[in-house]
Structure formats: structure tokens, C-alpha cells
There are 2 protein chains.
Amino acid sequence: MPQEPKIIKVEELPATEAKWIEFQKISWQDQTGRDRVWEAAARKTRGKAGVDAVAITTIIRHPSRPPSTIIILQYRPPVNAVCVELPAGLVDEKESPSEASVRELHEETGYKGKLAFISPTIVSDPGLSTANMQLAMVEINLKEGDKEPEQVLDDGEFIERVVVPIDELYDRLVRYDQEGKTIDARLWHWAAGWHAAKTML
Amino acid sequence: MPQEPKIIKVEELPATEAKWIEFQKISWQDQTGRDRVWEAAARKTRGKAGVDAVAITTIIRHPSRPPSTIIILQYRPPVNAVCVELPAGLVDEKESPSEASVRELHEETGYKGKLAFISPTIVSDPGLSTANMQLAMVEINLKEGDKEPEQVLDDGEFIERVVVPIDELYDRLVRYDQEGKTIDARLWHWAAGWHAAKTML
């Protein structure tokens with residue numbers, strides 16, 4: 001990576017210029033019949049599947065290593081930080097979320113896996129935006145001596161992939177935060193749920 | 001609840017009219033030195049703490065009941081659905097996220113608890129928005145015969161509280177989805193992490 005990415009300026013975005021997001025004024029009637037207004041952001045890219053994005057939890061099984069998962073690190077301009085996230089991506093116009101999850105995992109991490117499960121449609125931040133997603137679980141079974149595969153990144157994508165034993169994930173996220181990286185809320189929640197199940201019993 | 005909330009219309013929101021969110025055009029330089037633009041949404045309400053919101057995972061311990069947690073159901077206009085979420089709320093201008101977590105839990109659920117832990121600042125949807133949050137863990141120790149406390153809701157807030165044994169949380173979310181409710185991604189991830197820890201071993 002030849003240089004650290006950096007923000008040059010932040011300006012107000014005119015709605016007429018916005019290509020990726022739109023701004024909604026939602027007029028609604030509440031439970032008492034009162035007219036109210038809510039402000040929201042929406043993606044303009046939602047395709048046929050009706051789902052904006054997928055994220056992927058992986059389990060890598062290997063004959064001589066502990067069950068592991070894959071997280072990625074990438075710079076995110078909205079929060080001006082290197083974020084630690086689950087592999088994820090937008091669902092293309094004509095693909096299904098299941099197809100997108102296997103494709104995105106392959107592109108961002110190099111690994112090809114078998115989709116074991118995909119969640120229902122869940123909402124990312126329903127007080128602020130219309131954004132929704134599905135969470136996939138993809139299984140990867142490795143043999144002794146299998147090489148780490150090559151990522152298939154688009155031009156202009158800079159994504160670091162990290163394979164972590166699942167039992168070490170929570171502590172790893174705590175350490176990334178201490179090093180100045182920023183953790184995605186959904187990844188943190190998954191790891192916190194796992195950690196709670198392991199430590200509360 | 002006298003009537004179902006409903007959306008009357010969705011219009012484009014002019015930036016000049018937006019009170020709660022703003023729209024940012026972020027000019028940045030990527031890892032190769034190339035000038036790029038990112039579009040983002042931001043909350044206008046971030047206070048002194050630098051954190052937009054808190055969410056709260058609770059553990060309710062009781063002499064004769066299994067360890068339980070609290071989830072809430074409320075209608076969310078941006079996704080036009082009743083959402084199943086963790087108790088959560090915005091951090092007020094002058095309070096700390098820790099203070100906000102105990103206050104919000106009390107308001108939305110009636111329960112007063114002891115803050116056991118609060119996460120670092122994590123980001124809710126860093127490809128789309130600047131929104132950030134912290135995830136608190138609050139412990140509530142009940143005695144036999146303790147009554148369920150009263151919620152302390154604001155006028156115009158309609159929030160249903162549900163106490164669920166933690167081991168039943170994941171299946172409960174699956175059922176809520178099947179009934180037509182929509183699950184918040186962060187709550188789903190927490191429950192999926194817990195479920196994975198319990199079923200993968």
C-alpha cells in the first residue's frame with residue numbers, strides 16, 4: 001500500500017448530485033393517528049432481490065488447526081478509519097443474496113466455500129436508513145497442505161484478509177481497537193455473542 | 001395500540017430541510033494517490049461524547065428462572081416494519097455512553113441494572129454512514145417475587161419489551177421473522193454468534 005488513504009474535504013452533498021444514496025422524507029401516521037415525519041437515507045442500488053447487501057461468516061475447518069473464521073480490514077471514508085469487518089458486499093442487480101455471498105467471499109478472500117445457511121433479511125440501522133442485508137454462513141473444508149488462495153479484488157479495492165481461530169476472535173477485535181482500527185458493529189455483536197456464550201456458563 | 005402505524009408518502013428530502021441527518025460528499029485520496037468521492041449520511045445529533053448511540057445487552061439473573069435478556073419491538077418508518085432490536089438510544093448532548101446505556105435501558109424496559117461492560121466505539125454501517133455506537137452489557141439481579149417494572153416511555157414512543165431466556169433467543173428471532181417482523185442486524189449477529197458457539201461444538 002503506497003500511501004495511507006486520507007480525506008481531503010467533506011462537503012454537503014446536494015441530492016441532485018447523489019449517485020449512490022438518496023434522502024427520504026417519510027410521512028407516516030403513528031399508533032395514535034398522529035401525522036409524523038421521519039428522515040432516512042436509502043441506497044439507490046437495490047436490485048431485484050430486494051436486499052442491499054450480504055455479509056459472510058465463515059468456518060474454515062482444517063485437519064490440524066482450530067476452527068477459524070475470516071475477517072477483513074479496509075479503509076472506509078465515511079468513518080475515516082481502517083475498519084475490521086466481515087467479508088461483505090452489495091448484491092448485484094440480478095443475483096440472489098446466496099449467490100452474492102459465495103461470490104463476495106471468493107473475491108474478497110480468495111476462498112470458495114459451501115453456503116451452509118443464510119439469514120432472513122435483517123436491517124442494518126433502521127432508525128437511520130432503509131439498508132438491509134442477509135448474513136450467510138459459508139463452510140470451507142481444507143486439507144493438510146492446502147495453500148492460501150489469491151484474492152480477486154477489483155481495481156481500486158484494498159482489502160486485507162485475516163484468518164482467525166474463532167475462539168480468539170473477540171480478543172483480536174479488542175486488540176485491533178486498541179491499535180486504532182475501528183470495528184464494524186455487526187462483527188462486534190457476532191463476536192460478543194460468541195464470547196458471552198463461552199464465558200457466561 | 002389503537003391503530004397500526006402506516007406510511008402516507010415518501011418524498012425526496014431536501015438537504016435544507018433535514019433536521020436529523022445530513023448528507024456528505026467526501027473527497028478522499030486512495031492508497032494509490034487517486035482522488036475519489038464517497039457519499040455518506042450522518043446524524044446531526046452527535047454530542048460531546050462523539051458517539052451517536054448505545055445498545056444494551058442485558059443479563060437478567062433470577063433464583064428460579066434461566067438467564068434471560070431483553071429485546072424490544074417497535075415500528076421503524078425507514079423500513080416500514082415492526083423491528084426486533086436490542087434496547088438502544090441516542091446519547092444525549094452532555095452524557096457519556098455509559099450513562100446513556102443505563103438510562104435508555106430504564107426508559108425502554110423499566111429495568112435498572114448495573115453496567116458490567118461497554119464496548120469500544122464501533123461503526124454501524126461504515127460503507128453508508130458515519131453512524132457509530134457502543135454496546136453495553138448490563139446485569140440485573142432479581143429476587144424471587146420481584147415484579148416486572150414499568151417502562152418510562154416518552155410521549156409518542158411505542159415500545160414493546162420482551163424478556164427471553166438467552167438460550168431461546170436465536171429461535172425466537174427466527175420465529176419473529178416468520179411472523180412478519182424484521183430483525184435488527186446487530187441483534188441478529190449477537191444471537192447468531194451465541195448460537196454458533198452453542199451448536200458448533
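Since we're looking at a predicted model, the values are computed, not measured. Note that these values count all heavy atoms, side chains included, but never hydrogens, waters or copies made by symmetry. Every chain is numbered from 1, with letters handed out A, B, ... down the list of sequences.
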**Q** Which atoms of A:A191 come close to chain B, meaning under 4.5 Å heavy atom to heavy atom: side chain ones, backbone ones, both, or neither?
**A**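 Neither part.
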**Q** Could you tell me whether the side chains of B:Q29 and A:Q3 share a donor-acceptor contact shorter than 3.5 Å?
**A** yes
**Q** Is it the side chain or the backbone of B:W20 that comes within 4.5 Å of chain A heavy atoms, both, or neither?
**A**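 Contact with chain A is through both the backbone and side chain of B:W20.
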**Q** Starting at CH2 of B:W28, measure out to NZ of A:K6 and round the result to the nearest 0.5 Å.
**A**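 One finds 12.5 Å between CH2 of B:W28 and NZ of A:K6.
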**Q** Just so I know, are the side chains of B:C83 and A:V123 near enough to count as touching, which here means a heavy-atom distance under 4.5 Å?
**A** yes
**Q** Does some side-chain heavy atom of A:H189 sit less than 4.5 Å from a side-chain heavy atom of B:W194?
**A**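 Heavy-atom side-chain distance check fails, nothing below 4.5 Å.
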**Q** Taking side chain as everything from C-beta outward and backbone as N, CA, C, O, which of these in B:Y176 sits under 4.5 Å from a heavy atom of chain A? Side chain, backbone, both or neither.
**A** neither
**Q** Output the residues of residues 55-77 of chain B for which the shortest heavy-atom distance to chain A is under 4.5 Å, in residue-number order; output 'none' if no such residue exists.
**A** B:I59, B:Y75, B:R76, B:P77
**Q** For residues A:D125 and B:A131, report the shortest heavy-atom separation together with the two atoms involved.
**A**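 Smallest heavy-atom distance, with atoms named: OD2-CB, 3.7 Å.
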**Q** How close do B:R43 and A:G127 get, counting heavy atoms only, and between which atoms?
**A**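 Here B:R43 and A:G127 meet closest at NH2-C, 3.9 Å.
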**Q** If we define contacts as heavy-atom pairs under 4.5 Å, which of B:E11, B:Q134, B:Q178, B:H195 has the most with chain A?
**A**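 The option with the most such pairs is B:E11.
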**Q** If you take all heavy atoms of B:D184 and A:S124, which pair is closest and at what distance?
**A**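 Heavy-atom minimum between the residues: OD2-O, 4.4 Å.
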**Q** Taking the side chain as C-beta and beyond, is there a heavy-atom pair between A:M200 and B:I166 under 4.5 Å?
**A**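 A:M200 vs B:I166: side chains touch.
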**Q** Using a 6.0 Å cut-off, check whether atom NZ of A:K44 has over 12 heavy atoms from anything other than its own residue.
**A** yes
**Q** Side-chain contact, heavy-atom cut-off 4.5 Å: B:V37 with A:K19?
**A** no
**Q** Does A:E17 come within less than 4.0 Å of B:K25, counting only side-chain N to carboxylate O?
**A**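 Here A:E17 pairs with B:K25 in a salt bridge, since their nearest N and O are under 4.0 Å apart.
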**Q** Quick check on the interface: out of A:G33, A:A41, A:P14, who has the most heavy-atom pairs with chain B under 4.5 Å?
**A**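 Answer, by heavy-atom pair count under 4.5 Å with chain B: A:G33.
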**Q** Non-hydrogen atoms of chain B under 4.5 Å away: do they reach the side chain of A:L135, the backbone, both or neither?
**A** side chain
**Q** Where is the tightest heavy-atom contact between A:A197 and B:K198, given as atom of each residue plus distance?
**A**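 Taking A:A197 first and B:K198 second, the nearest heavy atoms are CB-CE, 4.2 Å.
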**Q** More than 12 heavy atoms of other residues, nucleotides or ligands under 6.0 Å from CD of B:E150: is that the case?
**A** no
**Q** Which region of A:T121, side chain (C-beta onward) or backbone (N, CA, C, O), has a non-hydrogen atom less than 4.5 Å from a non-hydrogen atom of chain B, or is it both or neither?
**A**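 For A:T121, the backbone is the part near chain B, not the side chain.
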**Q** Measure distances from A:Y170 to the heavy atoms of chain B and classify the residue's part below 4.5 Å as side chain, backbone, both or neither.
**A**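 Contact with chain B involves the side chain of A:Y170 alone.
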**Q** Taking everything shown except B:K181 itself, do over 12 heavy atoms lie less than 6.0 Å from its NZ?
**A**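 Yes, NZ of B:K181 has more than 12 neighbouring heavy atoms, counting only those of other groups under 6.0 Å.
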**Q** Out of curiosity, B:E157 CD to A:D30 CG, how far, rounded to the nearest 0.5 Å?
**A**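 Rounded to the nearest 0.5 Å, the CD-CG separation comes out at 11.5 Å.
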**Q** Please state whether the side chain, the backbone, both or neither of B:E22 comes within less than 4.5 Å of a heavy atom of chain A.
**A** neither
**Q** Taking the side chain as every heavy atom from C-beta outward, state whether B:I26 and A:I7 have any pair of such atoms under 4.5 Å apart.
**A** yes
**Q** For a 4.5 angstrom cut-off between non-hydrogen side-chain atoms, does A:L13 reach B:E39?
**A**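 Result yes, sub-4.5 Å side-chain heavy-atom pair found.
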**Q** Any donor and acceptor pair, going by atom type alone, linking the side chain of B:R36 with main-chain N or O of A:G156 inside 3.5 Å?
**A** yes
**Q** Hey, what do you get for CD1 (A:I21) to CD (B:Q24), rounding to the nearest 0.5 Å?
**A**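 Separation between the atoms: 9.0 Å.
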**Q** Which region of B:L90, side chain (C-beta onward) or backbone (N, CA, C, O), has a non-hydrogen atom less than 4.5 Å from a non-hydrogen atom of chain A, or is it both or neither?
**A** neither
**Q** Would one find more than 12 heavy atoms of other residues, nucleotides or ligands at under 6.0 Å from atom CD of B:E179?
**A** yes
**Q** Please examine the side chains of A:L128 and B:P78, heavy atoms only from C-beta on, and report whether any two atoms are closer than 4.5 Å.
**A**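 Counting from C-beta outward, B:P78 and A:L128 never come under 4.5 Å.
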**Q** Specify the closest pair of heavy atoms between A:W188 and B:P120, including all atoms of both residues, with the distance to one decimal.
**A**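 Shortest heavy-atom separation between A:W188 and B:P120 comes out as CH2-CD, 3.5 Å.
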**Q** Is B:L169 in contact with chain A via its backbone, its side chain, both, or neither, using a 4.5 Å heavy-atom distance?
**A** neither
**Q** Show the nearest heavy-atom pair for residues A:S129 and B:V79, with the distance to one decimal.
**A** O-CG1, 3.9 Å
**Q** Tell me, for B:D177 versus chain A, whether the close heavy atoms (under 4.5 Å) come from the side chain, the backbone, both or neither.
**A**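 Only the side chain of B:D177 comes within 4.5 Å of chain A.
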